[in-house]
Chemist: 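The structure's right below; bear with me while I get my questions together.
One-based numbering, in listed order, for ligands and for the atoms of each. Computation of the quantities below employed the complete heavy-atom set of this structure, encompassing side-chain atoms and omitting hydrogens, waters and symmetry-equivalent molecules.
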Amino acid sequence: MNANVGADVDLYPSRHGADCGIQSRYDPIVYGEPDRDGGLTQNQLERYQQQGYLVLDNLFNNAEIERLIDEVTLWQQAFRNSENDNVSIDEHGDIRSFYGIHAQHALYSALSKDTRLVSIAQQVLADDVYLHQSRLTFKAPFVGQSSFWHSDFETWHVEDGLPRMRTLSLALVLTENQLTNAPIMVLPGSHKSFVSCPGETPENNYLHTMREQHAGLPRQDDIQILADINGVDAISAKKGSVILYDCNLMHGSSNNLSPLPRRNAVFVYNAVSNRPREPYSGMPARPEFMATRRLIQPIRAQHQQLHF
Ligand code: 6CS
Ligand code: FE
């Protein structure tokens, strides 16, 4: 596909009523040359290309994770039972999701610029990168709610105007993601095609998304087709590891019946050459804490031990 496709061409139309289904992906998965410097080996890049995700063990040490969790504990107390634009609270008053964490505290701002994350994004996307979105995801013990299958790119394209798939997520595991506490589940290989969704985009849809996504959900038949190809993987990952996944990988998670919380700090890096256009939904752009639009400048990666 010609990389210079006109600014107004919507390559990935979605949420146009009943006209939906599985279509081609026009964009590369790994943009970088195989030997391009960065945190991933050639084998890892190959696996990422095929599967759409990788688990990178022990990128952060226990002391760093404990420090990050201490901050989260303070946020839980500060935001308990309180409504904030960028924080969604569950029916028990606990945080369910917290967007814009890089702007919330210097520790998470430093984490978002840490070379252990940024160098991977720069390598895979073969470009300078900026932070499209950051968030804490909480799966509370016993009552953590499910999230149906979806492609994040479908939302970031339709609601944020990201034109191409040159974006990836790096989820830092703060509490162990086990098979029993509602781990991220993915359809390996599903990132290689784009699944357009039925329906349309409600006004202020982000208010729903922060709790539970209603728009931008693919048809079950299309999920079935993709699952029949490579099955379903549930991603278990130890505290301090990082789950790297492509923006278009179909993923979801079940309810958390276990007594263990599941918490990840997710950083979404987008290539600076893939800056957002007007949302393809035709709706107003989402708030800055959901999708960076104003402050788009290349991150200068910093190597540091996270301690404050
Ligand atoms: O709306 C969003 O940006 C978020 N929604 C979901 C369902 N997954 C992650 C994404 O960041
Ligand atoms: Fe998601």
Chemist: So, His132 versus Trp156, ring centres under 6.0 angstrom or not?
Modeler: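 When the ring centroids of His132 and Trp156 are compared, they turn out to be within the sub-6.0 Å range.
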Chemist: Using a threshold of 4.0 angstrom between heavy atoms of the protein and any atom of ligand 1, which residues qualify?
Modeler: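 Lining ligand 1 at under 4.0 Å, by heavy atoms, one finds Tyr99, Gln133, Arg135, His150, Asp152, Thr155, Trp156, Thr209, Gln213, Arg286, Met290.
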Chemist: Going only through I, L, V, M, F, W and Y residues with side-chain contacts under 4.5 Å, is there a path from Leu136 to Met210?
Modeler: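 Not linked; separate clusters.
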Chemist: Going through the checks in order, is the side chain to side chain donor-acceptor pair (under 3.5 Å) test met by Gln145 and Lys139?
Modeler: CA-CA 7 Å; Gln145 291 169 348; Lys139 279 274 188 194; over 6 Å; no
Chemist: Can the ring centroids of Phe98 and Phe138 be said to lie less than 6.0 angstrom from one another?
Modeler: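 Centroid distance Phe98-Phe138: not below 6.0 Å, so no.
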Chemist: Strictly distance-based, threshold 3.5 Å: is any side-chain N or O of His191 a donor or acceptor partner for the main-chain N or O of Gln49?
Modeler: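 Judged by distance alone, yes, a pair lies under 3.5 Å.
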Chemist: Near the Fe ion (ligand 2), which protein N/O/S atoms are found at less than 2.8 Å?
Modeler: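 Within the sphere that stays under 2.8 Å of the Fe ion (ligand 2), the protein atoms of type N, O or S are His150 NE2, Asp152 OD1, His251 NE2.
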Chemist: Does a donor on one side chain sit under 3.5 Å from an acceptor on the other, for Ser112 and His102?
Modeler: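 Short answer, no.
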Chemist: For the pair Tyr108 and Trp75, name the ring-plane relationship: parallel under 30°, tilted 30 to 60°, perpendicular over 60°.
Modeler: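 Judged by the thresholds at 30° and 60°, the geometry between Tyr108 and Trp75 is tilted.
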Chemist: When you compare the side chains of Ser258 and Asn256, does any donor N or O come within less than 3.5 Å of an acceptor on the partner?
Modeler: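 Asn256 and Ser258 do have a side-chain donor-acceptor pair below 3.5 Å.
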Chemist: Would you say the ring centers of Tyr48 and Tyr245 fall short of 6.0 Å from each other?
Modeler: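 No: the rings miss the under 6.0 Å criterion.
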